[in-house]
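Heads up: the structure comes next, in structure tokens.
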Amino acid sequence: MSILAERGHARPATPVPAPLRPVRVLRGRRGEVQRPPTRARVVAGRRPAGSPCAAPRRVGVRWPWLAALAVGSCLVVTGLGLFGGGAQSAPVPERTATVSVKQGDTLASLAARFAPESEPGAVVARIKELNRLDRGVLVPGLPLTVPAADPAP
């Protein structure tokens, strides 16, 4: 017995409370900040693996720059068409001459010889039209009608 109980000054016994247990708060994973599901999880010391749902970052379109680039390229193409064409070639001559094909002659060489100031492609097309040629193969000795420029005075 205690000394107080012997003297008659005993107090009624109060129940002793049980030791408190810590309360657990449910908050998800410890130390992880809320992140969007499309963002890869970063762990210290490791590189993040590519997540299949992670979309690449899209850069905003700068419309004024695109419009300026389009207008500038149109101006360059137009300028080259107007000023870069060089000297205009003479039209294909109306006058024709009949020639015999020699060894090694081609339609382009005949066009350059008989209409030197005209565009060679147009003269070759006219030679094919005049002689009803499908291919550009020439046989030596074959007579051809070719456009011929007027002789110089």
Side-chain angles (χ1 to χ4, degrees), residues 14-153:
T14 57
V16 178
L20 296 176
R21 291 186 341 177
V23 178
R24 185 174 177 192
V25 179
L26 300 174
R27 292 188 183 172
R29 293 186 179 159
R30 187 173 214 162
E32 183 174 358
V33 182
Q34 291 288 337
R35 62 177 169 75
T38 58
R39 191 163 190 189
R41 185 176 198 185
V42 179
V43 178
R46 293 187 185 170
R47 291 184 168 253
S51 176
C53 64
R57 182 175 168 238
R58 294 187 66 185
V59 178
V61 179
R62 294 172 178 90
W63 290 109
W65 283 105
L66 289 176
L69 183 65
V71 168
S73 61
C74 288
L75 289 174
V76 167
V77 169
T78 303
L80 288 175
L82 292 175
F83 303 115
Q88 294 291 327
S89 60
V92 178
E94 291 293 324
R95 189 174 143 247
T96 61
T98 303
V99 296
S100 181
V101 176
K102 298 178 185 171
Q103 182 70 29
D105 277 346
T106 62
L107 291 176
S109 66
L110 290 173
R113 189 180 332 147
F114 289 99
E117 295 177 2
S118 299
E119 183 183 349
V123 176
V124 168
R126 180 73 175 141
I127 292 172
K128 285 182 177 182
E129 179 186 329
L130 288 171
N131 298 289
R132 295 185 180 103
L133 297 175
D134 293 334
R135 297 177 290 162
V137 179
L138 299 179
V139 179
L142 179 71
L144 283 180
T145 304
V146 295
D150 293 327

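One is the number of the first residue; the rest follow in order along the sequence. What you see below is based on every heavy atom in this structure, not just the backbone, and it leaves out hydrogens, waters and symmetry mates.
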For Ser109, the side chain to side chain donor-acceptor pair (under 3.5 Å) test, sequence neighbours excluded, returns Thr106
Could you tell me the separation between the CG atom of Asn131 and the CG atom of Leu107, rounded to the nearest 0.5 Å?
-> 8.5 Å
Counting only N and O atoms by type, is there a donor-acceptor contact under 3.5 Å from the side chain of Ser100 to the main-chain atoms of Pro143?
-> no
Identify the heavy atoms of Ala70 and Ser73 that sit nearest to each other, and give their distance.
-> O-OG, 2.9 Å
How close do Pro147 and Ile127 get, heavy atom to heavy atom, and via which atoms?
-> CD-CG1, 3.6 Å
Quick one: closest heavy-atom pair of Pro140 and Lys102, and the distance?
-> CB-C, 4.4 Å
Heavy atoms, side chains only, cut-off 4.5 Å: are Val146 and Arg113 in contact?
-> no
Which atom of Pro120 lies closest to which atom of Ala111, heavy atoms considered | O-CB, 4.1 Å
Going by the salt bridge (charged side-chain N to carboxylate O under 4.0 Å, His left out) test, which pairs reach into residues 75-84, not counting sequence neighbours?
-> none
Euclidean distance, Leu144 CG relative to Thr96 OG1, rounded to 0.5 Å | 12.0 Å
Is Leu110 close to Leu138 at the side-chain level, that is, under 4.5 Å between some pair of heavy atoms?
-> yes
Kindly give the heavy-atom pair with the smallest separation between Ser118 and Pro93, and that separation in Å.
-> OG-CD, 3.5 Å
Rounded distance (nearest 0.5 Å) linking atom CZ of Arg126 with atom OG1 of Thr145 = 10.0 Å
